[in-house]
Amino acid sequence: MKRPKKLPRSFYLRDDVVTVARELLGKTLVSTIGGTRTAGVITETEAYAGPIDRASHAYGGRRTARNEVMYARGGTAYIYLCYGIHHLFNVVTNDHGTPHAVLIRAIHPTEGRELMHQRRGGTRLTTGGPGTLTQALGIRTTHNGTDLLGDTIYIEDGPAPPADIVIAGPRIGVDYAGEDALLPYRFHFDARRLP
DNA sequence: ATACCGATTAACT
DNA sequence: GTTAATCGGTATA
């Protein structure tokens with residue numbers, strides 16, 4: 001059976017980061033790190049709207065060594081360390097110079113479950129959080145800046161979940177962002193409800 | 001230089 | 001419900 005195509009550059013270059021976040025649901029995030037293919041369907045995302053979004057690392061046009069890659073061209077991986085422990089994976093969107101990004105918060109594992117379980121420390125194969133899915137896929141901050149049209153980390157096309165099971169709501173863990181914390185920039189669905 | 005906080009998680013009580 | 005783990009960014013001096 002033929003594999004779905006990688007998402008094209010044009011998917012990531014679009015202006016509206018919120019639309020890209022919603023449309024990433026149902027696509028498959030693939031890692032070939034270490035030589036073995038591991039993958040899962042994206043079930044939860046959050047949009048971060050660059051300079052005008054208080055929750056974003058690039059709020060007000062902030063530019064540091066950590067967030068520099070947010071300013072790269074759409075289709076680049078932005079990976080940073082959170083709470084000193086967790087490697088969070090984001091997809092940079094929009095053209096270079098516009099620091100928009102989509103945080104991948106959860107996947108439903110589909111390929112390489114054994115290796116993912118092993119990477120998770122042999123405990124439980126949970127990929128329901130932004131820190132656990134990167135651990136399962138072997139993604140670390142060393143992969144920051146990876147081109148998602150390359151062969152190491154990429155996203156394959158897949159069917160969008162039916163609109164009636166997709167939930168939009170406020171983002172998680174951004175209480176510090178004032179009114180922007182209330183924006184409905186989080187999208188998720190229950191993979192078990194797929195037809 | 002020091003101090004505090006964060007796009008989190010797992011293991012507790 | 002609480003807390004420890006642990007490090008880059010930011011503010012303050």
Side-chain angles (χ1 to χ4, degrees), chain A residues 12 16-25 27 29 31 38 40 42-72 74-94 98-109 113 116-146 148 153 155 166-189 191:
Chain A
Y12 303 107
D16 185 3
V17 66
V18 180
T19 297
V20 176
R22 190 174 52 240
E23 292 187 3
L24 277 170
L25 296 179
K27 312 294 190 224
L29 176 59
S31 155
T38 50
I42 297 170
T43 58
E44 182 176 350
T45 62
E46 281 176 0
Y48 286 84
I52 61 163
D53 180 359
R54 288 197 64 167
S56 172
H57 290 163
Y59 176 60
R62 198 184 307 126
R63 196 161 187 158
T64 66
R66 175 176 70 160
N67 76 2
E68 177 60 32
V69 69
M70 291 183 83
Y71 291 83
T76 304
Y78 170 44
I79 300 151
Y80 72 95
L81 195 61
C82 185
Y83 292 100
I85 305 171
H86 306 289
H87 304 257
L88 303 205
F89 175 79
N90 300 253
V91 175
V92 174
T93 71
N94 213 305
T98 304
H100 290 180
V102 176
L103 171 66
I104 307 301
R105 289 194 61 90
I107 63 171
H108 176 72
R113 299 179 59 99
M116 290 196 274
H117 186 267
Q118 196 177 309
R119 283 181 177 138
R120 288 275 300 133
T123 53
R124 204 179 307 174
L125 177 51
T126 50
T127 52
T132 57
L133 77 89
T134 53
Q135 191 182 8
L137 294 174
I139 295 172
R140 282 158 283 120
T141 52
T142 51
H143 302 104
N144 188 37
T146 299
L148 299 179
I153 305 169
I155 301 175
V166 174
I167 299 165
R171 292 169 293 184
I172 302 293
V174 295
D175 294 347
Y176 58 87
E179 292 189 357
D180 288 348
L182 304 175
L183 295 169
Y185 281 6
R186 173 175 177 243
F187 301 95
H188 60 112
F189 71 97

Enquirer: Check whether the side chain of H86(A) and the base of dA7(B) form a donor-acceptor pair under 3.5 Å.
Expert: no
Enquirer: Over how many whole Å does the gap from D180(A) atom CG to dG6(B) atom P extend?
Expert: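 These atoms are roughly 16 Å apart.
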Enquirer: Please classify the nucleic acid contact of R54(A) as base, sugar-phosphate, or nothing, using heavy-atom distances under 4.0 Å.
Expert: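 If one applies the 4.0 Å heavy-atom cut-off, R54(A) turns out to touch nothing in the nucleic acid.
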Enquirer: Would you say D16(A) and T19(A) are linked by a side-chain donor-acceptor pair, where the criterion is simply a distance under 3.5 Å?
Expert: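 Yes.
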Enquirer: Between dT3(C) and dC5(B), how many Å separate the two P atoms, rounded to a whole number?
Expert: 15 Å
Enquirer: Name the nucleic acid region contacted by L103(A), choosing base, sugar-phosphate or nothing; use a 4.0 angstrom heavy-atom cut-off, strictly under.
Expert: base
Enquirer: Is there a side-chain contact between L103(A) and L88(A) (heavy atoms, below 4.5 Å)?
Expert: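 A side-chain contact exists here, since the closest heavy-atom pair is under 4.5 Å.
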Enquirer: Rounded to whole Å, how long is the line connecting atom CG of D175(A) with atom P of dC5(B)?
Expert: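 Taking CG of D175(A) and P of dC5(B), I get 14 Å after rounding.
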Enquirer: Any side-chain heavy atom of T126(A) sitting closer than 4.5 Å to one from R120(A)?
Expert: yes
Enquirer: What does I85(A) touch in the nucleic acid at a heavy-atom separation under 4.0 angstrom: a base, only the sugar-phosphate, or nothing?
Expert: base
Enquirer: When all nucleic acid strands are considered with a 4.0 Å heavy-atom cut-off, which category describes R171(A): base, sugar-phosphate, or nothing?
Expert: nothing
Enquirer: Find which nucleotide of DNA chain B each of Y78(A) and T132(A) is nearest to by heavy atoms, and output the residue with the more 5' nucleotide.
Expert: Y78(A)
Enquirer: For L81(A) and dA5(C), what is the distance between atoms CG and P respectively, to the nearest whole Å?
Expert: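 Taking CG of L81(A) and P of dA5(C), I get 16 Å after rounding.
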Enquirer: Please tell me which of the listed nucleotides, dA10(B), dG9(C), dT9(B), lies nearest to the side chain of T126(A)?
Expert: dA10(B)
Enquirer: Nearest whole Å is fine: how far is dT6(C) P from L88(A) CG?
Expert: 17 Å
Enquirer: Pick the P atom in dC12(B) and in dT6(C), then give their distance to the nearest Å.
Expert: 16 Å
Enquirer: Please tell me if R66(A) has a side-chain N or O lying less than 4.0 Å from either OP1 or OP2 of dT10(C).
Expert: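 No, because none of the side-chain N or O atoms of R66(A) sits under 4.0 Å from OP1 or OP2 of dT10(C).
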Enquirer: Below 4.5 Å, heavy atoms only, C-beta onward: do N67(A) and Y78(A) meet side chain to side chain?
Expert: yes
Enquirer: Find out whether F89(A) and L29(A) are in side-chain contact, i.e. whether some heavy atom of one side chain is under 4.5 Å from a heavy atom of the other.
Expert: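 F89(A) reaches L29(A) side chain to side chain.
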Enquirer: Nearest-Å distance, CZ (R62(A)) to P (dC5(B))?
Expert: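 For the pair R62(A) CZ and dC5(B) P, the rounded distance is 16 Å.
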Enquirer: Are R171(A) and E46(A) close enough for a salt bridge, meaning some N to O gap below 4.0 Å?
Expert: no
Enquirer: Using a 4.0 Å heavy-atom cut-off across all strands, classify N90(A) as base, sugar-phosphate, or nothing.
Expert: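 The answer is base, as N90(A) lies within the cut-off (heavy atoms under 4.0 Å) of a base atom.
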Enquirer: Considering only the C1' atoms, how many Å lie between dA7(B) and dG1(C), rounded to the nearest integer?
Expert: 23 Å
Enquirer: Indicate, yes or no, whether a donor-acceptor pair under 3.5 Å links the base of dA7(B) to the side chain of Y80(A).
Expert: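 When only heavy-atom distances are counted, Y80(A) does reach the base of dA7(B) through a donor-acceptor pair under 3.5 Å.
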Enquirer: Take the protein atom OH of Y176(A) and the nucleotide atom P of dT8(B), then report the distance between them rounded to whole Å.
Expert: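 That distance rounds to 8 Å.
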Enquirer: Sort out the partner of dG8(C) for me: Watson-Crick or G-U wobble, both distances under 3.5 Å, none otherwise.
Expert: dC5(B)
Enquirer: Would you kindly give the NE2-to-P distance between H100(A) and dA7(B), to the nearest whole Å?
Expert: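 Atom NE2 in H100(A) sits about 17 Å away from atom P in dA7(B).
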Enquirer: Rounded to the nearest Å, what distance is computed from the CD1 atom of residue I139(A) to the C1' atom of nucleotide dA7(B)?
Expert: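 Rounded to the whole Å, the gap is 16 Å.
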Enquirer: Identify whether a stacking contact exists between Y83(A) and dA5(C), where the ring centres must be under 5.5 Å apart and the planes under 30° apart.
Expert: no
